[in-house]
Each structure stands twice: as structure tokens, then as C-alpha cells.
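In what follows, every heavy atom counts, from backbone to side chain, and hydrogens, waters and symmetry copies are set aside. None of the values given here were measured: they were computed from a predicted structure.
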Amino acid sequence: MYFLIVLGNHVEKQVTKLEVAIGQLTLMALAVVLAVLLVMVAYHQWQISDPYVKNVLSLQGDGIRGHAIFQMNCAGCHGLQADGRVGPSLQGVSKHKSQVGLIHQVTSGDTPPMPQFQPSPQEMADLLSYLKQL
């Protein structure tokens with residue numbers, strides 16, 4: 001009988017330790033997720049605070065002018081209908097990439113072989129307007 005009580009206490013202590021460990025791991029995972037979310041929000045806020053981005057987002061774009069800008073600067077790689085050639089298709093791009101993300105993509109040159117392109121704020125607003133139509 002004594003052996004069973006000692007064994008029972010030992011098992012209870014092991015279960016308690018396991019529960020504590022699971023709780024700590026859960027808290028750590030939650031902290032990591034929260035930290036990643038905070039970094040993402042801070043990065044997005046930093047991008048939006050860029051004067052160029054603010055200016056572009058404050059303007060009304062013209063899709064027709066945006067189409068002309070696209071034909072002159074982008075169609076060589078992305079295709080006349082933005083359906084891809086050397087570069088990827090841009091059909092539906094505004095559905096999975098934010099306006100800030102699109103501005104960064106166009107202006108940064110971070111994804112070779114895409115060249116860095118710095119349109120005026122109005123030209124960028126026009127281009128965004130065109131990309132929304134795809």
C-alpha cells in the first residue's frame with residue numbers, strides 16, 4: 001500500500017511538471033507570435049510614414065495613364081497584358097499585395113532582375129490604379 005502511495009505521488013509530481021512545462025512553452029510561443037506581429041506592425045507603420053509613400057497614397061490615380069506607364073516601363077518583362085514574360089504575371093497582384101508593398105516593389109529594386117524605378121508620386125498613383133484593374 002505504501003509503495004502505491006509513493007508511486008502515486010511521484011506520478012502526480014511528473015504530471016504537474018509536464019503541465020508546467022507545457023504552460024511555459026505555450027507562453028513562450030505566444031510571446032514569439034506577439035513579438036513577430038509587433039515587428040510587422042512597426043515595419044508597416046515605418047513604410048507608411050515614408051513621405052513618398054504618404055504622397056502617393058494621398059493622390060487619386062488614373063488607370064489609363066497608369067496603363068501607359070506600365071506599357072513603357074513594365075510590359076517588356078511583365079507582358080503587354082501583365083500576364084508575365086520574363087517577370088511574373090501581375091494579374092490580380094493587388095489582391096495579394098498591399099499598395100505599400102507594391103510601391104516598395106516598384107521603387108526599391110530589391111528583387112533582381114527588376115530594376116529600381118522611381119516614378120513621380122502621381123505616376124506611381126496612376127500605376128497603382130492600373131494594377132488594381134488587373
Side-chain angles (χ1 to χ4, degrees):
M1 181 75 161
Y2 176 74
F3 175 74
L4 291 176
I5 292 173
V6 170
L7 182 62
N9 285 339
H10 179 71
V11 169
E12 280 182 30
K13 288 180 184 177
Q14 291 298 325
V15 170
T16 303
K17 287 180 183 178
L18 181 61
E19 288 172 345
V20 168
I22 290 172
Q24 289 174 336
L25 284 173
T26 302
L27 283 175
M28 285 178 18
L30 188 59
V32 167
V33 168
L34 184 59
V36 167
L37 287 174
L38 286 173
V39 166
M40 289 172 58
V41 167
Y43 180 72
H44 183 71
Q45 291 299 323
W46 173 75
Q47 285 182 320
I48 290 177
S49 69
D50 179 316
Y52 176 79
V53 172
K54 278 178 140 176
N55 196 357
V56 170
L57 295 177
S58 72
L59 298 170
Q60 182 69 31
D62 180 313
I64 294 171
R65 286 191 310 243
H67 181 256
I69 293 166
F70 182 87
Q71 293 301 313
M72 289 185 297
N73 298 284
C74 312
C77 291
H78 294 286
L80 293 174
Q81 304 303 314
D83 52 359
R85 282 183 65 188
V86 176
S89 170
L90 298 178
Q91 295 293 321
V93 69
S94 64
K95 292 181 180 94
H96 62 270
K97 198 161 185 95
S98 70
Q99 287 188 325
V100 172
L102 288 170
I103 293 168
H104 178 74
Q105 184 76 39
V106 169
T107 61
S108 71
D110 285 346
T111 52
M114 186 165 161
Q116 185 176 9
F117 175 54
Q118 190 69 37
S120 72
Q122 184 61 59
E123 290 170 333
M124 188 69 230
D126 295 341
L127 186 58
L128 287 175
S129 181
Y130 171 69
L131 293 173
K132 280 185 202 175
Q133 299 170 10
L134 298 176

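Across Phe70 and Leu80, no two heavy atoms sit closer than the pair CE2-O, 4.3 Å. Residues His104 and Asp110 share a closest heavy-atom pair of NE2-OD2, 3.0 Å. Taking both residues in full, the closest heavy atoms of Leu102 and Met124 are given as O-CE, 4.3 Å, listed atom of the first, atom of the second, then distance. The minimum heavy-atom distance linking Ala82 with Tyr130 is given by the pair CB-OH, 4.5 Å. Minimum interatomic distance between Ser129 and Gly63 (heavy atoms only, all atoms of both residues): OG-N, 3.2 Å.
Under the 4.5 Å side-chain heavy-atom criterion for grouping Ile, Leu, Val, Met, Phe, Trp and Tyr, Leu57 is connected to Tyr52 within one hydrophobic cluster. Both Val93 and Val53 belong to a single network of hydrophobic side chains, linked directly or stepwise wherever heavy atoms of I, L, V, M, F, W or Y lie under 4.5 Å apart. In the hydrophobic clustering of ILVMFWY residues, with side-chain heavy atoms under 4.5 Å counting as a link, Met114 and Ile103 come out together.
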Derivation of the side chain to side chain contact (heavy atoms under 4.5 Å, CB included) call for Gln122 and Arg65: CA-CA 10 Å; Gln122 184 61 59; Arg65 286 191 310 243; 3.4 Å; yes
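Without hydrogens or angle criteria, Thr26 side chain to Ile22 main chain gives a donor-acceptor distance under 3.5 Å. Asp126 places a side-chain N or O within 3.5 Å of a backbone atom of Asp62 that can act as its donor or acceptor partner. Listed for the Gln91 side chain is a donor-acceptor partner under 3.5 Å among the backbone atoms of Gln81. Within the 3.5 Å criterion, the main-chain N or O of Arg85 finds no donor-acceptor partner in the side chain of His78.
A distance of 9.5 Å separates OG of Ser94 from CD of Gln133, quoted to the nearest 0.5 Å. The OG1 atom of Thr111 sits 11.0 Å away from the CD atom of Gln116 when rounded to the nearest 0.5 Å. Of the inter-residue distances, the one linking Gln105 atom CD with Leu90 atom CG reads 9.0 Å to the nearest 0.5 angstrom.
Residues Asp50 and Val100 fail the side-chain proximity criterion, which asks for heavy atoms closer than 4.5 Å.
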